[in-house]
Amino acid sequence: MKRGEMLYEGKAKRVFRTDSPGRFIVEFKDDATAFDGKKRGSIEEKGILNNRISAYFFALLARAGIPSHFIELISEREMFVEGVEIIPVEVVARNIVAGSLAKRTGLPEGTPLNQPVVEYYYKRDDLGDPMINCSHVVALGLASADELHRMRETALRINGILKEHLEAKGIVLVDFKVEFGRKDGQVLLADEISPDTCRFWDKQTGEKLDKDRFRRDLGGVAEAYAAIWQRLDGGG
Ligand code: UDP
C-alpha cells in the first residue's frame, strides 16, 4: 500500500493515511518523553524495537483471540493498522507496586499485589491524564458500560497472557497500559505494547528493562529495549 498524508504526530508515533480506505500506517519514532512531556530525549533505535515488540505482542494476543488494530509489519519502523476511533481512556493493569501506585499508597516498589489491579486514566494531555474510576468513564460518556466491561476483561486477559509468556523468558511483567478503539461495533486493542508502555523487570536480577531507565536517568536505555526484543525473539 502507498503512504499518504500524515494525519497525526504524537510523542512517539506518526500516523499516515494510505490508499486503503480506513487503514493507516503507524510509524514509530525514537523520540521519548516523560512527566507530561517535561522530559524529552531520544532513544537510539527505539522506534524499530517498539514496532517489532508491539507487532510481536499483537500477534501473540491475536492467537489467543484478542483482536487488535494490527494488520502487518511493513518496514523497520512501520506497521499497517485498522483505523479505529480511540476511546479516550488509558487502561492500566498492575501485578506489582511501582511508579504512581507506589507514590499513592506509600508501599515500596516491588510489593506484590494480592490480585491484579485495573486503573483508568482520562486521556487528556492538557489535564495530565488524571486517574478516574469506572463510574466516571460511563458518566462522562467516554465509553459505554458494555465497552468498559470489555476493556476491563480484555486488559485482565492480556495481563494473564503476557505475564505467563514473559515469565518463561525470564521477564517479570510489573504493569502496563493499553488503549482501545472502536471499529464496526467492535472494541479493538490499539496503540502499542512496548517497553514505553510496560514495566518489565529481569526475573533474576530485578533490573529494569523499560522506559523507567529513561524516566529515572538510569543509563543503558537503548540496551534495555534491545534486551527485551532479544529475549522475545529467542535469545537469552
Ligand atoms: N504508562 C504509559 N503511559 C502513560 C502513563 C503510564 O504507558 O501516560 C504505563 C507505564 O509505563 C507503566 C504503567 O502505565 O507501565 C503504569 O504507570 P504509572 O501509573 O505507574 O505511571 P508513571 O510511573 O509512569 O507515572
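Every number for a ligand or one of its atoms is a count from 1 in the order of the listing. Because the structure is a prediction, the values reported are computed rather than measured.
Taking all atoms of both residues into account, the shortest heavy-atom contact from Ala32 to Ile43 is CB-CD1, 3.7 Å.
Between Glu109 and Lys208 there is a salt bridge, since at least one side-chain N of the basic residue sits less than 4.0 Å from a carboxylate O of the acidic one. A salt bridge links Glu78 with Arg3; the closest basic N to acidic carboxylate O contact falls under 4.0 Å.
Tyr225 pairs by the side-chain hydrogen bond (donor to acceptor under 3.5 Å, both in side chains) definition with Asp196, not counting sequence neighbours. With sequence neighbours excluded, no residue satisfies side-chain hydrogen bond (donor to acceptor under 3.5 Å, both in side chains) with Lys103.
Listed by chain and residue number, the protein contacts of ligand 1 are Glu90, Val92, Arg94, Ala98, Gly99, Ser100, Tyr121, Asp129, Asp175, Phe176, Lys177, Asp196, Thr197, Cys198, Arg199, Arg215 (heavy atom within 4.0 angstrom).
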Give every donor-acceptor pair under 3.5 Å between a side-chain atom in residues 59-73 and any protein atom, sequence neighbours left out.
{"unit_1": "Ser68", "atom_1": "OG", "unit_2": "Phe70", "atom_2": "N", "d": "3.1"}
{"unit_1": "His69", "atom_1": "NE2", "unit_2": "Asp191", "atom_2": "O", "d": "3.1"}

